[in-house]
Amino acid sequence: MNAQLEQDLAQLNDLLSATQTFSTHFLSNIEELPASKYMPPPGNVTLLPEQGIGAMAALQQFQKQYGPYLAAGAGPRYWGFVTGGVTPAALAGDWVASAIDMNAADKGGAAFNIEIATIQMLRQLFGLPDDFEGSFVSGATMSNFAGLAVARQWLGEQQGVDVGQQGIGALQEPKVLACTPHSSVAKSLSMLGFGRDALVKIPALPQREAVDVDALEAWLQQHKGRPVIFVASAGTVNTTDFDDLAALARLKQQYNFWLHVDAAFGGFAACSPQHRFWVKGWEAADSITIDAHKWMNVPYDAAMIFCRHPSLQAAVFKNVGAAYLGDPAKDFNFIHHVPENSRRLRALPAWYSLQAYGAKGYQDIVEANIQQANLLGSLISDSPYFRLLAPVKLSVVCFTLSKPLNELDEATARFLEILAERGVVFMTPTVYLHTPAIRAALVNWRTTEQDVRTVFKEMEEIAQSLKPKAATKEKPLLDKLLGFLL
């Protein structure tokens with residue numbers, strides 16, 4: 001054994017204790033940390049040491065080199081990307097998952113059974129029928145990729161071809177329909193060989209991001225008999241708008257299309273009795289994306305793909321010519337149903353969380369965040385400095401500054417730049433109905449009403465002081481803002 005490895009093993013208790021101390025200190029102070037912090041790129045190439053310095057010294061080096069730039073991305077006022085914050089139970093589960101280091105593809109081991117049990121509990125949490133088989137993947141992008149890959153196989157089946165065997169070229173003019181798809185849908189279409197041009201945008205309802213079902217039916221009627229894929233939004237990133245899933249379910253009875261529901265974070269509406277009407281009808285879907293490292297508040301990376309067509313799923317992802325991996329036609333194994341063979345035990349943090357907090361715990365998290373988002377929306381509506389652009393449906397607030405349209409590009413970029421520099425809260429820019437806008441996504445279990453009031457005070461202070469910035473030779477404001485995002 002390498003001498004440094006041997007020494008680290010002998011000092012494992014001290015190393016884990018030091019790591020625990022660092023982690024506990026970080027999490028105990030997360031509410032005081034800035035929500036974002038820019039770190040300049042390194043000026044020199046990082047050199048690989050010839051002789052290792054050992055794990056304890058590596059921890060110290062990490063604290064010295066990166067500690068000053070760590071921000072509260074998992075904190076209560078990070079409202080940028082839809083990012084939850086690790087719960088105590090999820091942290092424990094993630095630590096254990098790393099310690100036992102089991103491949104969830106091992107059907108004979110505990111890891112396989114943990115994922116099975118976790119999927120069973122998640123179906124109950126979301127109220128999904130048992131015929132939806134589920135598997136963990138790395139995130140919503142890979143979940144959408146997997147769902148659309150199975151849809152591609154179905155599309156081939158409708159045309160009498162096996163895409164998994166013959167390739168995408170065997171398909172006749174494949175089309176994927178959507179109204180307000182997440183960017184990961186277009187990315188998936190590129191990766192799957194459809195190409196981004198295969199995406200057909202169906203009009204939205206007036207002043208909404210939800211599909212106009214009549215317009216969709218008109219398209220389907222015009223192309224009657226042609227099998228297509230429709231990607232429904234169950235929670236858009238700008239306004240958490242939902243396509244009418246119940247109406248889509250009725251359309252499926254008349255027209256031949258695969259229904260994939262992107263419910264990355266909107267699916268958690270099912271946890272709340274007063275909000276689950278948003279997902280009514282999703283039980284008719286063929287595949288569903290739900291992201292765990294969003295509103296479930298487990299660590300990156302974790303999401304689920306739920307699909308009710310296991311044979312098609314296996315036709316896409318099965319491992320052929322590897323006898324030691326088993327026969328996909330006879331025995332279920334996750335590695336025949338998702339892109340990865342080697343799979344981290346992503347289910348364990350979710351298992352811990354579901355056991356620790358139960359259905360009531362997630363109802364409380366979801367309803368608290370929705371209440372907080374509504375409070376922020378009300379404060380914005382009553383303020384002379386801001387304008388609410390869309391009703392608050394769940395946990396995302398979409399708004400802009402009270403400025404003339406021709407000033408909004410510069411003003412919103414400047415506002416967000418100052419907001420990020422001050423670090424009390426972090427939000428991201430967007431464009432909604434051709435208007436430069438700002439979005440705040442509240443999905444963190446730590447967020448409180450006081451956080452909302454603190455943030456709004458900060459927002460008004462910045463908006464009051466906002467003045468046109470003199471032209472300089474510095475890089476554009478949007479580029480500087482992207483530095484914070486990345």
Side-chain angles (χ1 to χ4, degrees), residues 84-98 100 102-107 109-140 142-143 146-147 234-235 261 263-273 275-276 278-280 282-283 285 287-308 310 313 332-335 337-338 343-369 443-445:
V86 59
T87 62
L91 175 61
D94 199 60
W95 192 331
V96 172
S98 294
I100 62 177
M102 296 179 74
N103 186 349
D106 180 5
K107 188 173 180 179
F112 179 87
N113 289 292
I114 289 169
E115 186 159 350
I116 290 288
T118 307
I119 291 296
Q120 289 172 346
M121 289 190 290
L122 286 167
R123 276 200 300 262
Q124 295 167 53
L125 181 71
F126 298 126
L128 291 174
D130 288 344
D131 62 346
F132 276 98
E133 290 190 355
S135 308
F136 273 82
V137 291
S138 60
M142 193 50 63
S143 181
V261 177
F265 73 99
F268 284 87
C271 299
S272 168
H275 297 98
R276 65 173 58 124
W278 286 114
V279 293
K280 182 181 179 182
W282 72 338
E283 64 277 1
S287 53
I288 300 174
T289 283
I290 303 179
D291 207 338
H293 57 235
K294 289 184 169 62
W295 223 342
M296 195 172 185
N297 283 252
V298 303
Y300 283 100
D301 54 16
M304 296 79 65
I305 175 66
F306 290 93
C307 183
R308 66 191 327 153
Q313 201 168 348
F332 174 84
N333 192 316
F334 291 110
I335 61 173
H337 288 252
V338 291
R343 305 174 67 246
R344 187 175 189 271
L345 186 48
R346 297 186 181 100
L348 192 53
W351 184 94
Y352 264 70
S353 293
L354 292 167
Q355 289 289 328
Y357 310 120
K360 184 59 167 62
Y362 279 100
Q363 178 184 339
D364 291 344
I365 291 172
V366 167
E367 291 181 349
N369 288 149
V443 293
N444 191 298
W445 66 276

S.K.: In chain order, what residues pass the side-chain hydrogen bond (donor to acceptor under 3.5 Å, both in side chains) check against D131, with sequence neighbours excluded?
M.R.: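 Applying side-chain hydrogen bond (donor to acceptor under 3.5 Å, both in side chains) to D131 gives R308.
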S.K.: Excluding sequence neighbours, so at least two apart, what forms side-chain contact (heavy atoms from CB on, under 4.5 Å) with E283?
M.R.: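 So E283 forms a side-chain contact (heavy atoms from CB on, under 4.5 Å) with P129.
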S.K.: Can you tell me how the ring of W295 sits relative to the ring of F268, calling it parallel under 30°, perpendicular over 60° and tilted otherwise?
M.R.: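 Aromatic pair W295/F268 classed tilted.
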S.K.: For A89, does its backbone N or O pair with a side-chain atom of S353 as donor and acceptor, under 3.5 Å?
M.R.: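 Flag not set: sc S353 to bb A89 has no pair under 3.5 Å.
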S.K.: Taking all heavy atoms of H337 and all of P310, pick out the closest pair and write down the distance.
M.R.: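 Heavy atoms of H337 and P310 come nearest at CE1-O, 3.5 Å.
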S.K.: Using the ring of each side chain (for Trp, its six-membered ring), is Y357 parallel, tilted or perpendicular to Y362, with breaks at 30° and 60°?
M.R.: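 Rings of Y357 and Y362: perpendicular, as their planes differ by over 60°.
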S.K.: May I ask you to decide if N444's main-chain N or O and N297's side chain share a donor-acceptor pair within less than 3.5 Å?
M.R.: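 No; zero donor-acceptor contacts below 3.5 Å.
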S.K.: For P273 and C271, work out which heavy atoms get closest and say how close.
M.R.: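 Shortest heavy-atom separation between P273 and C271 comes out as CD-O, 3.8 Å.
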S.K.: How many angstroms lie between atom OG of S135 and atom CD1 of I335, to the nearest 0.5 angstrom?
M.R.: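 Answer for the OG-CD1 pair, S135 versus I335, is 11.5 Å.
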S.K.: Tell me, please, which residues at least two apart from W282 pass side-chain hydrogen bond (donor to acceptor under 3.5 Å, both in side chains).
M.R.: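 W282 satisfies side-chain hydrogen bond (donor to acceptor under 3.5 Å, both in side chains) with no other residue.
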S.K.: At what distance, to the nearest 0.5 angstrom, does NZ of K360 lie from CD1 of I365?
M.R.: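 Reported value, rounded in 0.5 Å steps: 11.0 Å.
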S.K.: Supply the atom-to-atom distance L125 CG to I290 CD1, rounded to the nearest 0.5 angstrom.
M.R.: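 CD1 of I290 is found 8.5 Å from CG of L125.
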S.K.: Are S287 and I305 close enough, and set up right, to give a side-chain contact (heavy atoms from CB on, under 4.5 Å), and what steps lead you there?
M.R.: CA-CA 7 Å; S287 53; I305 175 66; 4.3 Å; yes
S.K.: With sequence neighbours left out, what residues match R346 under salt bridge (Lys or Arg N to Asp or Glu O under 4.0 Å)?
M.R.: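 R346 satisfies salt bridge (Lys or Arg N to Asp or Glu O under 4.0 Å) with D301, E340 only.
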S.K.: Which heavy atom in G139 sits nearest to a heavy atom in D291, and how many Å separate them?
M.R.: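 In this case the closest contact between G139 and D291 is CA-OD1, 4.2 Å.
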S.K.: Might you point out which heavy atoms bring S272 and V366 nearest each other, and give the distance in Å?
M.R.: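 Answer, listing the atom of S272 first, then V366: CB-CG1, 4.3 Å.
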S.K.: Would I119 and E133 count as a side-chain contact (heavy atoms from CB on, under 4.5 Å) here? Give the steps.
M.R.: CA-CA 8 Å; I119 291 296; E133 290 190 355; over 6 Å; no
S.K.: List the residues meeting ring-ring contact (aromatic ring centres under 6.0 Å, His included) with H275, not counting sequence neighbours, and say none if there are none.
M.R.: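 Per chain and number, H275 pairs via ring-ring contact (aromatic ring centres under 6.0 Å, His included) with no residue.
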S.K.: For the pair W445 (side chain) and V86 (backbone), establish whether a donor and an acceptor sit closer than 3.5 Å, ignoring hydrogens and angles.
M.R.: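 Yes.
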S.K.: Once the angle between the rings of F126 and F306 is folded into 0 to 90°, is it parallel (under 30°), tilted (30 to 60°) or perpendicular (over 60°)?
M.R.: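 The rings of F126 and F306 stand perpendicular, inter-plane angle above 60°.
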S.K.: With side-chain contact (heavy atoms from CB on, under 4.5 Å) as the criterion, how do L348 and F136 come out once you've worked through the C-alpha distance, each side chain's angles and the decisive distance to 0.1 Å?
M.R.: CA-CA 10 Å; L348 192 53; F136 273 82; over 6 Å; no
S.K.: Check whether any side-chain heavy atom of I288 sits under 4.5 Å from a side-chain heavy atom of M304, and report yes or no.
M.R.: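 With C-beta onward as the side chain, the pair stays apart.
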S.K.: Is there a donor-acceptor pair under 3.5 Å between the side chain of Y352 and the backbone N or O of V96?
M.R.: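 Not confirmed, Y352 side chain does not pair with V96 backbone.
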S.K.: For T118, check side-chain hydrogen bond (donor to acceptor under 3.5 Å, both in side chains) against everything at least two apart and list the hits.
M.R.: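 Scan of T118 (side-chain hydrogen bond (donor to acceptor under 3.5 Å, both in side chains), adjacent residues dropped) gives none.
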S.K.: Measure across V279 and G266 and return the closest heavy-atom pair with its distance rounded to 0.1 Å.
M.R.: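 Answer, listing the atom of V279 first, then G266: CG1-O, 4.2 Å.
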S.K.: How many angstroms lie between CZ in R344 and CG in N103, if you round to the nearest 0.5 Å?
M.R.: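 Reported value, rounded in 0.5 Å steps: 12.0 Å.
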S.K.: For side-chain contact (heavy atoms from CB on, under 4.5 Å), just list the numbers for M121 and W351, CA-CA rounded to whole Å, side-chain angles, deciding distance to a tenth of an Å, and then say yes or no.
M.R.: CA-CA 8 Å; M121 289 190 290; W351 184 94; 3.5 Å; yes
S.K.: Tell me every residue that passes side-chain contact (heavy atoms from CB on, under 4.5 Å) with A368, counting only those two or more places apart in sequence or in another chain.
M.R.: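 Partners of A368 by the side-chain contact (heavy atoms from CB on, under 4.5 Å) criterion, ordered by chain and then number, come out as Q372.
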S.K.: How close do G109 and N113 get, counting heavy atoms only, and between which atoms?
M.R.: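 Closest heavy-atom pair between G109 and N113: O-ND2, 3.2 Å.
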S.K.: Write out all pairs satisfying salt bridge (Lys or Arg N to Asp or Glu O under 4.0 Å) with one or both partners inside residues 120-130, taking only residues at least two apart or from two chains.
M.R.: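 Found R123-D130.
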S.K.: In chain order, what residues pass the side-chain hydrogen bond (donor to acceptor under 3.5 Å, both in side chains) check against Q363, with sequence neighbours excluded?
M.R.: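 Testing Q363 for side-chain hydrogen bond (donor to acceptor under 3.5 Å, both in side chains), a comparison that skips the adjacent residues, returns E367.
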S.K.: Run the salt bridge (Lys or Arg N to Asp or Glu O under 4.0 Å) test against R276 and tell me which residues pass, sequence neighbours left out.
M.R.: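 R276: no salt bridge (Lys or Arg N to Asp or Glu O under 4.0 Å) contacts found.
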S.K.: side-chain contact (heavy atoms from CB on, under 4.5 Å) with M142: which residues, sequence neighbours excluded?
M.R.: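 Applying side-chain contact (heavy atoms from CB on, under 4.5 Å) to M142 gives V137, S138, F145, P339.
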S.K.: If a pair satisfies salt bridge (Lys or Arg N to Asp or Glu O under 4.0 Å) and one of its residues is in residues 109-121, list it, with sequence neighbours excluded.
M.R.: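 Passing the test, one end in residues 109-121: E115-R343.
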